[in-house]
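Encoded as structure tokens, the structure appears first; notes follow it.
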2 protein chains.
Amino acid sequence: MTSTEGMGLERVSTERTPLRPTRQRTAVAEALASVDDFRSAQDIHDLLSRAATPVGLATVYRTLNALVEAGEVDMLRTEDGEAIYRRCSETHHHHLVCRSCGATIEVEGPAVERWTTAIAAEHGYSEVSHALEIFGTCGSCQR
Amino acid sequence: MTSTEGMGLERVSTERTPLRPTRQRTAVAEALASVDDFRSAQDIHDLLSRAATPVGLATVYRTLNALVEAGEVDMLRTEDGEAIYRRCSETHHHHLVCRSCGATIEVEGPAVERWTTAIAAEHGYSEVSHALEIFGTCGSCQR
DNA sequence: CGCTGTTTGACAATCATTCTCAATCGAGCG
DNA sequence: CGCTCGATTGAGAATGATTGTCAAACAGCG
């Protein structure tokens, strides 16, 4: 990492570097905005390549991580360790996944939302987010 | 992927898994039993090497995965994608993690347990398990 | 227009995890 | 008691996601 400090510029408005909106960053953000679901970095990369706005894989990762740090995107892990991303404005929900066939149902639970927030506050944590995945065997796979 | 036609290591719940307790499998199971926490496969491997019961890393992974399939061990992912394992008898709890310094607090919530089970049942899912992680900024890191 | 720090991207490097496959083990058999 | 054959092991190669490297392209501003 470069030190990016000590220059005469006082551009430090809130925290770190003010992220310049380049063509590729915009492309990544738009790609994320165009899907309602979690997507892997590679998915985004493919999407962009196919969409005539090719962006280097490394840049996709960098941008995605920057967005996560900026709190504009949520990231979680699939069962096999792949990172998946989703823009975090839309309706917040969780996934009920079948261990066997992979069938996924989106579920919501105000109770859980409230509980996590409360627990976190109770321990003095702020800016709370959470990741919850439920695994089970779906009806069709039980037979 | 291979078809694994002859093997009985699938998910045959009607009959007990033909997993024979070899020296290394026992060692892995005991290592897991000796700690109350989540450990990575590499942790277990190191632990065993130091404990005069060396087991190959590949075997540790194989055994751990077998135990997970057999439902004797829980596996989840850290934020950076590493798989961590814990024998799944003991008190079930979740983690409240500081995004900034990594400080972790274990929390319990009967409500969540009940909710996940209920939701899953409602959708016809059985053999339910879940993973919940709460992220936030802890008190010390807010200053 | 030129200067300077930022951003990009091809590619190498990392790291956890899985695969390969020859050597070894172990239980039942003759 | 020694043999056979499938199960198991482990060293190292292979995989695949992610991150680091670094020279070249870029963007704002003076």
Side-chain angles (χ1 to χ4, degrees), chain A residues 1-13 15-29 31 38-49 52-70 73 75-85, chain B residues 1-10 12 16-29 31 38-49 53-70 73 75-85:
Chain A
M1 303 296 163
T2 51
S3 62
T4 72
E5 263 308 322
M7 299 293 109
L9 294 187
E10 60 282 62
R11 298 279 287 96
V12 195
S13 42
E15 281 187 342
R16 41 190 64 205
T17 345
L19 273 203
R20 215 143 46 182
T22 65
R23 201 203 69 249
Q24 19 280 97
R25 291 216 248 257
T26 311
V28 170
F38 281 96
R39 292 297 154 93
S40 74
Q42 322 249 357
D43 285 344
I44 301 289
H45 177 248
D46 288 354
L47 219 62
L48 293 174
S49 301
T53 29
V55 174
L57 184 55
T59 301
V60 172
Y61 275 107
R62 273 188 294 241
T63 305
L64 248 17
N65 283 341
L67 289 173
V68 168
E69 297 239 335
V73 161
M75 180 245 269
L76 60 82
R77 298 272 171 183
T78 65
E79 279 247 296
D80 57 300
E82 201 182 12
I84 49 181
Y85 306 82
Chain B
M1 295 302 117
T2 53
S3 62
T4 68
E5 32 114 32
M7 291 213 49
L9 234 174
E10 291 291 64
V12 192
R16 248 189 314 146
T17 350
L19 266 196
R20 222 137 40 161
T22 64
R23 199 201 73 248
Q24 20 278 98
R25 292 215 249 255
T26 310
V28 170
F38 280 96
R39 292 298 154 94
S40 73
Q42 322 248 358
D43 284 345
I44 302 290
H45 177 247
D46 288 354
L47 219 60
L48 293 173
S49 301
T53 29
V55 174
L57 184 55
T59 301
V60 172
Y61 274 107
R62 272 187 296 243
T63 305
L64 248 18
N65 282 342
L67 289 173
V68 168
E69 297 240 333
V73 160
M75 180 243 271
L76 61 82
R77 298 270 171 186
T78 64
E79 278 245 299
D80 57 299
E82 201 181 12
I84 50 181
Y85 306 82

### Task
Find the distance between CG (Leu47(B)) and OG1 (Thr53(B)) and round it off to the nearest 0.5 Å.
8.5 Å

### Phosphate OP1/OP2 of dT9(D): any Thr59(B) side-chain N/O under 4.0 Å
no

### Task
Over all heavy atoms of both residues, which pair between Arg39(A) and Ile44(A) is shortest? Give the atoms and the distance, please.
CB-CD1, 4.0 Å

### Query
Side chain of Thr22(B): nearest nucleotide among dT7(C), dT8(D), dG9(C)?
dT8(D)

### Task
With rounding to the nearest 0.5 Å, note down the distance linking OH in Tyr85(A) to CG in Asn65(A).
4.5 Å

### Query
In Å and rounded to the nearest 0.5 Å, what is the CD to CG distance from Glu82(A) to Leu76(A)?
11.0 Å

### Message
Testing the 3.5 Å rule here: is there a donor-acceptor pair between the side chains of Arg62(B) and Thr59(B)?
### Response
yes

Detail all sub-3.5 Å separations between protein N/O atoms and N/O atoms belonging to nucleotides 16-19 of chain D.
| residue | atom | partner | partner atom | Å |
| --- | --- | --- | --- | --- |
| dA17(D) | O5' | Gln42(A) | NE2 | 3.4 |
| dT18(D) | OP1 | Ala83(A) | N | 2.7 |
| dT18(D) | OP2 | Tyr61(A) | OH | 2.4 |
| dT18(D) | O5' | Tyr61(A) | OH | 3.3 |
| dT19(D) | OP2 | Asn65(A) | ND2 | 3.2 |

#### Entry: Rounded distance (Å) that lies between atom P of dG9(C) and atom CD1 of Ile44(A)
15 Å

### Query
What's the CG-P distance between Leu64(A) and dT8(C), to the nearest Å?
13 Å

### Task
May I have the distance from Gln24(A) (atom CD) to dT8(C) (atom P), rounded to whole angstrom?
5 Å

### Point-to-point distance, once rounded to the nearest 0.5 Å, from CD of Glu69(B) to CE of Met75(B)
9.0 Å

#### Entry: Value in whole Å for how far the P atom of dA25(D) lies from CZ of Arg25(A)
19 Å

#### Entry: Rounded interatomic separation in angstrom, taking CG from Asp80(B) and C1' from dA16(C)
10 Å

### Interatomic distance, Arg23(B) CZ vs dC25(C) C1' [rounded to whole Å]
11 Å

